[in-house]
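Please read the structure below before turning to the comments.
Proteins come first, then strands; the chains are lettered A, B, ... in the order of their sequence lines, and each starts at number 1.
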Amino acid sequence: MKEMYDVLIIGAGVVGCSIARELSKYKLKILVVEKGEDVASEGASKANSAILHAGYDPVPGSLKAKLNVRGNEMYDVLCKDLDVPIKRTGSLVAAFSEEEVKELYELFDRGIKNGVKGLSLITKDMVKEIEPHINDTVVAALYAKTAGIICPYGYTIAVAENAAQNGAEFVFNSEVIDIKKNGDFFIVKTHKEEFYSKYVVNAAGLYSDVINNMVGAKPFSVHPRKGEYLILDKDQGYLARTVIFQVPTKMGKGILVSPTVDGNLLIGPTSEDIQDKEFKATTREGLNKAITVAKRSVDKFDVRKTITQFTGLRATPDTEDKDFIIGESDVKGFINAAGIESPGFTAAPAIAEMIRDILKDAGLKLIEKVDFNPKRRPVIRFTELSDEERNKLIKENPAYGRIICRCETVTEGEIIDVIRRPVGAKSLDGVKRRVRAGMGRCQGSFCGPRVVEILARELNISPLEVTKHGRNSNILTAETKKFLLEKAAEVLKKEVYENA
Amino acid sequence: MLKYDIIIIGGGPAGLGAAVEAYEKGVKNIVIIERDKYLGGILEQCIHNGFGLQEFKEELTGPEYAQRFIDKVEEYDINVMLETMVLEITPDRIVKAVNSKEGVFTIKAGAIILAMGCRERPRGAIMIPGTRPAGILTAGTAQRYVNMEGYLPGKEIVILGSGDVGLIMARRLTLEGAKVKAVVELMPYSSGLTRNIVQCLEDFNIPLLLSHTVIEIHGKDRVEGVTIAKVDENREPIMETAQYISCDTLILSVGLIPENELSQKAGIELDPITGGPIVNEMLETSVPGIFACGNVLQVHDLVDNVTAEARLAANSAIRFIREGEFGKSNIAVKAGNGIRYVVPQKINVDNIEKRIKFRMRPVNVYNNAMLVVKSGDKYLLRQKRQRLTPGEMIDVNLSKDILKNANLEEGIVFLVEEG
Ligand SMILES: Cc1cc2nc3c(=O)[nH]c(=O)nc-3n(C[C@H](O)[C@H](O)[C@H](O)COP(=O)(O)OP(=O)(O)OC[C@H]3O[C@@H](n4cnc5c(N)ncnc54)[C@H](O)[C@@H]3O)c2cc1C
Ligand SMILES: Cc1cc2nc3c(=O)[nH]c(=O)nc-3n(C[C@H](O)[C@H](O)[C@H](O)COP(=O)(O)OP(=O)(O)OC[C@H]3O[C@@H](n4cnc5c(N)ncnc54)[C@H](O)[C@@H]3O)c2cc1C
């Protein structure tokens, strides 16, 4: 008979990967099935605000509130174990009128109810002290000390890698198209293979409704709410030290100005309900809106310093309370972690614990592994090493002496390492998300060809097969001389045909 | 710490030119540091001809032009460190670099010549909304793939921007069998050389759409098309003129930016317009003993000018190591009406032997205009110029005698007088 998994997780976003890691602490056979070519390559986990929210925002008593606050607390240990940069920058909700100040009191009260620590209401002077470049029109702010920033795809990759180190399996490029319950197990069909598993966890983000409805559980729907962003050059990063929110409206937490862990400046997101779950484009209107609104907080940034822009789609559940949909469905053994919109990233580790408990209650035996290793093998970041450390490294492996990405100072050694690691990089974007090669001010015009060469060599494929992000996103289309010969042959054939 | 008289950062034509000049003037304890595997810089991928008309009085390809200097570097046995990246320079002229043989090391220089060239502006810098598929690349990257690696980045191509690299690539890609559907330029004029427009577009019937831009990119995995539109006087797209062009590749040729991360970290003052260091008549930056030439200083369209600039930088560096600091600059050089920038940005007349060359670009296209140099109300020079265009750098030679008439307080201003 075919291999039987204990738990099959659909979706390799931060939620699916966090669940996989949590479960990899136990003697279980775990499989994560992802339709994209990589971890955090398709969904919300790669395109969001990257904020570890403090937790004053969600409605008291909701799952969002509980899991946000708990998740936030878990990140320090996790980031240490997984070797992922995190900065507890704190966040500000800035009020620019007396009217808005009233809202701050409400947020403050909600935060207290939710159990958020380190909240305070601060006056203009204190705001300016914390955030010298915020506009002078600021009146007061809610300061949340526990808020932080993180690299969302970097974290997700790290969690996945550690889960894999501890035995969890991953398949990519595999889209689940059907799920059948067969007695006491599920048959999960993707467009190219079939898997058997005793339990199925649905962590498919925006498609979690499709997956839920596929198995015949009580239906619900999730729709995309689009958020557009701009990322500015590192020389604009000094403009924000904390995450600067504005007083929220009903369309979300509003547009923020924030540093990123890597020192760039992030502006966005907009908030717009749409229909198309595949919509990934930015729009002129959206970007203009993000810029205009952000200028209300900090007007000193220079838009010409934009290095890239992106859109993220929030998986907004169409339920009355808009809360996360977490729990065993009416199909026994099928468990939802669905409709995880903001603060889903922050909540992810807490969601993973909750799913573990739900699985236990549903009859899954959890036997702890003695050899579970919570630590990811540390990542080498050339830029952060001392010269002595660099020299030692280069002596051991000369590839660390070759700089491939000049904007972010990334070496060939680092690139090779992330291709070879468990759940390694397979594409240009995969490399970029892991080591930042191509993420700097030149956006890969310099290192692109070199990374293509390294990927081809390491994966033992032709440069023509190297993609930007899997599927048909090939970078190169033909060999020059061959293409001309083929064209010439075509012309000849046509002539022969026409003459005949 | 190892010490060199002159450390040259970058082994393109600027760095090569400076090294050869220094050696020939007798300063031999020098080194060129280059991060690539070979010398020649951007020229190695410019396999078209059109280089060297002034310098060698013949038309060479990029690699041939570079080779003339590389041969001399080899003949003179000048120190070269390849695959070595400079990570940092300090105001007291200590250079930190890394390579896979020596690891990270520091060396000290009597004088430094910056010759790091420039990089291309990416998509982000021009804010084209839409998706982020494969098939969007800069012209220089396309050039590298085609000319050096032997791969085509696409088959049906739209080029945004009519900078020289884009124009050259329109021709190259056509010759390689790809279809270049259009070159789209935001401005009402091209930023490329006239000869390139004729030889690269007109000769191949490639349409050049002036006052147009790409307003959206389509395609999920690979580019499937772009929407272009005409723009109004404020360069805002006129939505009614939007038009879809199917293509699998969008090549960007939207400008070059001098590569000055190192300079910035060393505290060198940059000119916000050129993106290069502010220099004096000796091509010395705001940090004494650090000089700049080539595309790191200002983006050139002719390599011959780069070589000339490199010679001046080398001679200035030599003078610096022999005589020490130069006197303070006493005349400010400004760009007036119709001129975008002027290099050098300040001068000290006492350091000028006979004459000095100023290089600048106009902000617009002017026909039969007067190029004027003034100091206060006084005219120092009036020259009729048949055609001024932003795609072609202007040189103006001023003699020491003329400059002596400048008013120190007012400085000198370059401007265009029309009509
Ligand atoms: C604009 C925006 C801003 C946000 N800001 C923040 C923030 O600052 N802080 C915060 O805490 N949270 C934030 N969030 C929320 C957070 O990003 C999400 O809650 C979190 O990333 C959700 O993770 P996930 O794993 O559930 O979903 P995803 O990351 O979307 O992962 C789902 C995965 O399932 C895969 N999948 C779907 N269908 C199938 C199928 N049929 N077969 C196989 N695989 C499938 C997808 O390819 C995808 O990889 C934001 C979200 C957005 C969109
Ligand atoms: C595509 C194209 C077409 C052109 N066509 C023509 C033409 O037809 N005719 C003509 O006369 N001119 C032409 N030019 C212009 C001319 O070739 C350039 O202006 C000239 O090459 C600039 O020389 P450079 O030495 O300043 O820069 P580059 O050639 O760019 O050299 C700079 C070098 O510095 C190195 N470097 C940078 N940073 C570091 C670091 N930190 N450490 C170590 N090394 C570093 C780089 O690797 C590079 O090799 C063209 C230019 C381009 C780009």
Side-chain angles (χ1 to χ4, degrees), chain A residues 228 230-231 235 278 280-284 286-287 303-310 387 390-395 398-403 406-407 409 411-412 428 441-446 448-449 452-453 463-464 467-481 483-484 486-487, chain B residues 35 83-85 87 96 98-106 119-141 144-155 175-178 215-222 237 248-249 252 257 259 261 264:
Chain A
E228 299 187 33
L230 300 114
I231 295 188
D235 68 8
E278 287 300 312
K280 301 264 167 72
T282 50
T283 63
R284 196 166 285 272
L287 296 172
V303 184
R304 289 173 308 174
K305 295 289 178 110
T306 304
I307 59 170
T308 187
Q309 8 154 316
F310 64 89
D387 289 344
R390 288 171 175 173
N391 283 335
K392 192 163 157 263
L393 196 62
I394 296 167
K395 211 165 262 147
Y400 285 97
R402 279 192 289 275
I403 309 275
R406 60 181 183 195
C407 302
T409 323
T411 63
E412 182 170 3
L428 223 57
R441 37 175 76 89
C442 94
Q443 291 283 298
S445 13
F446 178 77
V452 167
E453 197 185 307
L464 290 171
T467 63
K468 177 169 180 288
H469 55 242
R471 288 190 298 267
N472 306 319
S473 64
N474 302 57
I475 306 286
L476 302 167
T477 55
E479 281 177 48
T480 44
K481 299 302 169 254
F483 183 60
L484 270 181
E486 273 164 23
K487 270 196 96 159
Chain B
R35 68 176 163 213
E83 287 190 89
T84 306
M85 170 102 168
L87 298 173
K96 184 196 267 191
V98 62
N99 65 31
S100 48
K101 271 197 253 68
E102 280 122 300
V104 181
F105 60 92
T106 47
R119 69 185 141 80
E120 298 173 278
R121 289 173 78 200
R123 170 187 178 185
I126 45 171
M127 293 267 282
I128 316 170
T131 52
R132 299 193 300 153
I136 305 170
L137 69 174
T138 59
T141 309
R144 184 173 174 110
Y145 277 131
V146 176
N147 294 350
M148 299 187 71
E149 326 250 334
Y151 290 101
L152 268 187
K155 298 179 178 170
L175 293 174
E176 295 292 347
I215 57 170
E216 197 176 343
I217 298 170
H218 309 270
K220 188 174 165 210
D221 292 326
R222 177 81 201 186
D248 64 7
T249 306
L252 304 174
I257 314 168
E259 177 98 39
E261 279 68 33
Q264 241 167 337

Let me know if B/Y145 has heavy atoms under 4.5 Å from chain A in its side chain, its backbone, both or neither. side chain
What's the separation between atom CD1 in A/I394 and atom CG in B/N99, rounded to the nearest 0.5 Å? 7.5 Å
Count the heavy-atom pairs under 4.5 Å between each of A/K280, A/R402, A/H469 and chain B, then report the option with the highest count. A/H469
Where does A/I231 contact chain B at under 4.5 Å (heavy atoms): side chain, backbone, both or neither? neither
Based on non-hydrogen pairs under 4.5 Å, which of A/E412, A/E486, A/R406 is most in contact with chain B? A/R406
Distance (rounded to the nearest 0.5 Å) between A/L287 CG and B/I128 CD1: 11.5 Å
Counting heavy-atom pairs closer than 4.5 Å to chain B, which one of A/D235, A/T411, A/T283 comes out on top? A/T283
Below 4.5 Å from any heavy atom of chain A, which atoms of B/E102 appear? Answer side chain, backbone, both or neither. backbone
Which portion of A/E228 sits near chain B, non-hydrogen atoms under 4.5 angstrom: neither
What are the two closest heavy atoms between A/P398 and B/S100, and how far apart are they? O-CB, 2.9 Å
Exam field: side chain A/T477 to backbone B/L152, donor-acceptor pair closer than 3.5 Å: yes
For the atom pair NZ (B/K101) and NZ (A/K395), what is the distance rounded to the nearest 0.5 Å? 14.5 Å
For B/T141 and A/S445, work out which heavy atoms get closest and say how close. OG1-O, 2.8 Å
Side chain, backbone, both or neither: which part of B/L175 has a heavy atom under 4.5 Å from chain A? backbone
Which heavy atom of A/N474 sits nearest to which heavy atom of B/R222, and what is that distance? O-NH1, 2.7 Å
Applying side chain to side chain contact (heavy atoms under 4.5 Å, CB included) to A/D387 and B/K96, what does each step give before you reach the verdict? CA-CA 10 Å; A/D387 289 344; B/K96 184 196 267 191; 2.8 Å; yes
Cation-pi, A/F446 ring and B/R144 (6.0 angstrom, 45 degrees): no
CD of A/E479 to CD of B/E176: how many Å apart, nearest 0.5 Å? 12.0 Å
So, the part of A/E453 with a heavy atom under 4.5 Å from chain B: the answer is side chain
